[in-house]
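Both counts, for ligands and for their atoms, begin at 1 and track the order of listing.
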Amino acid sequence: MSDNSFEKDIEFLTANLDRYADFPKPGINFRDTFALFRNPVTYKKVIDIFTDHISKLGADVIVGLESRGFILGGAICYNLGIPFVPIRKKGKLPGKVVEFKYELEYGQDVFEIQEAAIKKGAKVVIVDDLIATGGSCMAAIELLKKVQAEVVECVVLVELTDLDWRSKVSTKTTSFIKIDSSS
Ligand SMILES: O=P(O)(O)OC[C@H]1O[C@H](OP(=O)(O)OP(=O)(O)O)[C@H](O)[C@@H]1O
Ligand SMILES: Nc1ncnc2[nH]cnc12
């Protein structure tokens, strides 16, 4: 559920989100959140909405999912003065990592987190630009379980409402823009 005070901003953001048919595969309507991030006006609105919501959750750490979760997470952490920790695709993080394989709307991948990046029992909020099948968020939750962190909430900008992500993600999830994958 989104905060009513941001209702007008959310309508504006929804209207400015780009859609590309048949990318990266036939049949996928790709929602390009970079359209919102490259415009300073819409980017600020997005970061303000996330910051306002996450400031009430008592998070110790924000975990951002590669790649667009990084663009959100860094700015939100700057506002809140809390650490940012990345979850990256396999093979990009040095040191001891834990990994989890997952599926998404147009393929499969492996996520990793650095073991030393999160303290046991830390309260974590996961951020990403979009939830579709829920595979990415589920993989992030499983990785955070492995390092014994506590996932308080997943917060995403866009939710594809008709895809069955809830069967994979039972952790509380907040989205601000809700759209049908075929619209
Ligand atoms: O709910 P899901 O079905 O898992 O899909 C959502 C994920 O898919 C996209 O990222 P993508 O994996 O394309 O990675 P990228 O940001 O590195 O391009 C999107 O930014 C989410 O992270
Ligand atoms: N339809 C979509 N648009 C953008 N990112 C996605 N990740 C998974 N499905 C997606």
### Query
Taking the non-hydrogen atoms of Leu160, is any one of them nearer than 4.0 angstrom to ligand 2?
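Within the 4.0 Å threshold, so yes.
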Using a strict cut-off of 4.0 Å, indicate which atoms of ligand 2 neighbour a heavy atom of Asn29.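 Contacts of ligand 2 toward Asn29, numbered from 1: 1 (N), 2 (C), 3 (N).
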Counting from 1 in the order shown, the ligand 2 atoms closer than 4.0 Å to a non-hydrogen atom of Ala132 are 8 (C), 9 (N)
- Item | Glu66 side chain to Lys89 backbone, donor-acceptor under 3.5 Å | yes
For the backbone of Met138 and the side chain of Lys168, can you confirm whether one donor and one acceptor N or O come within less than 3.5 Å of each other?
no
Hey, which residues fall under 4.0 Å of ligand 1 on heavy atoms?
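For ligand 1, the contacting residues are Glu66, Ser67, Arg68, Lys89, Leu104, Glu105, Tyr106, Asp128, Asp129, Leu130, Ile131, Ala132, Thr133, Gly134, Gly135, Ser136.
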Do [X] and [Y] have side-chain atoms, one donor and one acceptor, less than 3.5 Å apart?
X      : Y      : result
Asn29  : Ser181 : no
Asp48  : Thr51  : no
Glu153 : Thr173 : no
Ser175 : Lys178 : yes

Is the centre of the Tyr20 ring less than 6.0 Å from the centre of the Phe30 ring?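 No: the rings miss the under 6.0 Å criterion.
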| said: Suppose we call two aromatic rings close when their centres sit under 6.0 Å apart. Are Phe50 and Phe176 close by that rule? | reply: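 Close enough - the centres of the two rings lie under 6.0 Å apart.
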When you compare ligand 2 with Arg68, is there at least one nitrogen or oxygen pair between them that comes in under 3.5 angstrom? no
Nearest protein heavy-atom contact for [atom]: which residue, which atom, what distance?
atom                    : value
atom 10 (C) of ligand 2 : Glu105 OE1, 3.2 Å
atom 7 (N) of ligand 2  : Tyr106 OH, 3.1 Å
atom 3 (N) of ligand 2  : Arg31 N, 2.9 Å

### Message
For a quick test of reading the model, state the closest non-hydrogen atom pair linking Thr133 to Leu163 and the distance between them.
### Response
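Heavy atoms only, the tightest pair is N-CD1, 4.3 Å.
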Of Val125, Ile62, Val61, the one forming a side-chain contact (heavy atoms from CB on, under 4.5 Å) with Ile82 is Ile62
Worksheet item: Which residue from Tyr20, Phe23, Phe30 reaches closest to atom 5 (N) of ligand 2 through any of its heavy atoms?
Response: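 Result: the heavy atom closest to atom 5 (N) of ligand 2 is in Phe30.
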